[in-house]
Amino acid sequence: MSSKQDQIFSQPQQISDFRFDDKVAAVFPDMISRSIPGYGEILATLSQLARRFVQPNSNVYDLGCSLGAATVAMRRGINQDSVKIVAIDNSEAMIRRAGEHLQAFVSAVPVALHCADIRQVEIEDASMVVLNFTMQFLAPEDRSALINKIYAGMKPGGLLVVSEKLNYDQPRMHQLLDDLYLDFKRGNGYSELEISQKRNALENVMKPDTLADHQARFRAAGFDESEVWYQCYRFASMIAVK
Ligand code: GEK
């Protein structure tokens with residue numbers, strides 16, 4: 001997916017809370033691939049996981065789909081009949097552009113795109129559910145209810161994938177992993193001004209949990225098995241099976 005270069009925070013500006021508006025949607029593929037280590041590998045692995053876990057006559061959910069990159073990846077891996085992907089985002093700008101992106105790829109698997117809040121949608125007959133860097137944007141007090149609802153709407157053997165930025169309890173480890181991450185952003189061409197202005201814009205909007213928080217939430221919802229399958233610096237992708 002090609003897109004314009006992300007220069008949103010390149011000039012000094014009055015910083016307000018980060019929003020997934022039209023300006024962000026227009027540069028999103030560039031922004032996310034330069035900001036999340038392993039983003040491409042994570043998408044490629046979603047294809048492989050979809051091939052292994054998606055069941056016939058089931059639904060697949062991409063929650064907080066942005067432009068639909070995870071949907072495109074999963075669609076590529078699905079080899080079962082009567083599967084529908086439901087892709088949801090509450091940013092109107094993202095959903096509009098996601099529709100255009102999805103049309104660029106041929107597939108027999110239908111996709112229903114909805115502009116909605118993932119806290120409000122029903123999850124039914126799901127064999128795979130993906131939250132690829134979405135949960136960190138929900139109010140922390142709403143996260144358990146979402147995972148509980150997903151568990152209840154999943155078929156036995158269904159797979160949940162949750163990718164997130166993490167916090168660490170040990171201050172020195174947190175600082176080191178954060179420093180390594182900032183070097184990754186510098187290496188991808190972001191200036192000190194861009195890095196610090198984006199950080200300020202995200203401060204009230206993105207609230208990472210620790211790995212232990214995520215694991216406890218999975219367990220409390222009923223997932224007996226969960227594991228981290230990918231981690232780089234402060235970014236991880238976790239899987240849980242019902
Ligand atoms: C990808 N998964 O490319 N309801 C619906 N959508 C929401 C909500 C909510 N309550 N809160 C935030 N979002 C994508 C990347 S981006 C990650 C996901 C990032 C949406 C928000 O509008 C945005 O599109 C997305 O979650 C997070 O694999 O930008 O770091």
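Predicted model only: the values in this text are computed from it and were never measured. Both ligands and their constituent atoms are indexed starting at 1 by order of listing. By convention here, the first residue in the shown sequence is residue 1.
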Under 6.0 Å from the CG atom of D169, do we count more than 12 heavy atoms belonging to anything else shown?
no
Ring of Y151, cation from K242 - is the NZ or CZ under 6.0 Å from the centre and inside 45° of the axis?
yes
Taking distance alone, with N or O pairs closer than 3.5 Å, would you say G64 contacts ligand 1?
yes
In terms of residue, atom name and distance, what is the protein heavy atom nearest to atom 22 (O) of ligand 1?
D89 OD1, 2.6 Å
Which residue supplies the protein heavy atom nearest to atom 17 (C) of ligand 1, what is that atom called, and how far is it?
F133 O, 3.0 Å
Indicate yes or no: does R234 engage D178 in a salt bridge with an N to O separation below 4.0 Å.
yes
Working to the nearest 0.5 angstrom, can you tell me the gap between L138 CG and L63 CG?
9.5 Å
Indicate yes or no: does D209 engage R217 in a salt bridge with an N to O separation below 4.0 Å.
yes
Looking only at protein heavy atoms, which one is nearest to atom 3 (O) of ligand 1, and what is the separation?
Y39 OH, 2.6 Å
Can you sort out which atoms of ligand 1 are near S91, meaning under 4.0 Å from one of its heavy atoms?
22 (O)
Counting heavy atoms only, which of N90, D62, I36 is nearest atom 11 (N) of ligand 1?
N90
Residue, atom and distance of the protein heavy atom nearest atom 18 (C) of ligand 1 read S66 OG, 3.2 Å
Identify the closest protein heavy atom to atom 29 (O) of ligand 1: which residue and atom is it, and at what distance?
F20 CE2, 3.1 Å
Closest approach of S58 and K155, non-hydrogen atoms and distance?
CB-CE, 3.6 Å
Polar contacts were defined as any N/O atom of the residue lying under 3.5 Å from an N/O atom of the ligand; does this apply to I118 and ligand 1?
yes
Once you round to the nearest 0.5 Å, how far does CZ of R96 lie from CG of L113?
12.5 Å
Name the closest protein heavy atom to atom 10 (N) of ligand 1, giving the residue it belongs to and the distance to 0.1 Å.
D117 OD1, 3.1 Å
Counting from 1, what ligand 1 atoms have a heavy atom of I32 closer than 4.0 Å?
15 (C)
Less than 4.0 Å is my threshold; does some heavy atom of A116 fall inside it relative to ligand 1?
yes
Protein residue, atom and distance nearest to atom 12 (C) of ligand 1, heavy-atom basis
F137 CB, 3.9 Å
Which atom pair, heavy atoms only, marks the closest approach of I195 to K185?
CD1-CB, 4.0 Å
May I ask you to list the atoms of ligand 1 that are less than 4.0 angstrom from any heavy atom of N132?
2 (N), 14 (C), 15 (C), 18 (C), 28 (O)
Which atoms form the tightest heavy-atom contact between D117 and R119, and what is the distance?
OD2-NH2, 2.6 Å
If we set the cut-off at 4.0 Å for heavy atoms, which region of L138 has an atom near ligand 1: side chain, backbone, both, or neither?
side chain
Expected output: side-chain Y168 to main-chain Q175 donor-acceptor under 3.5 Å
no
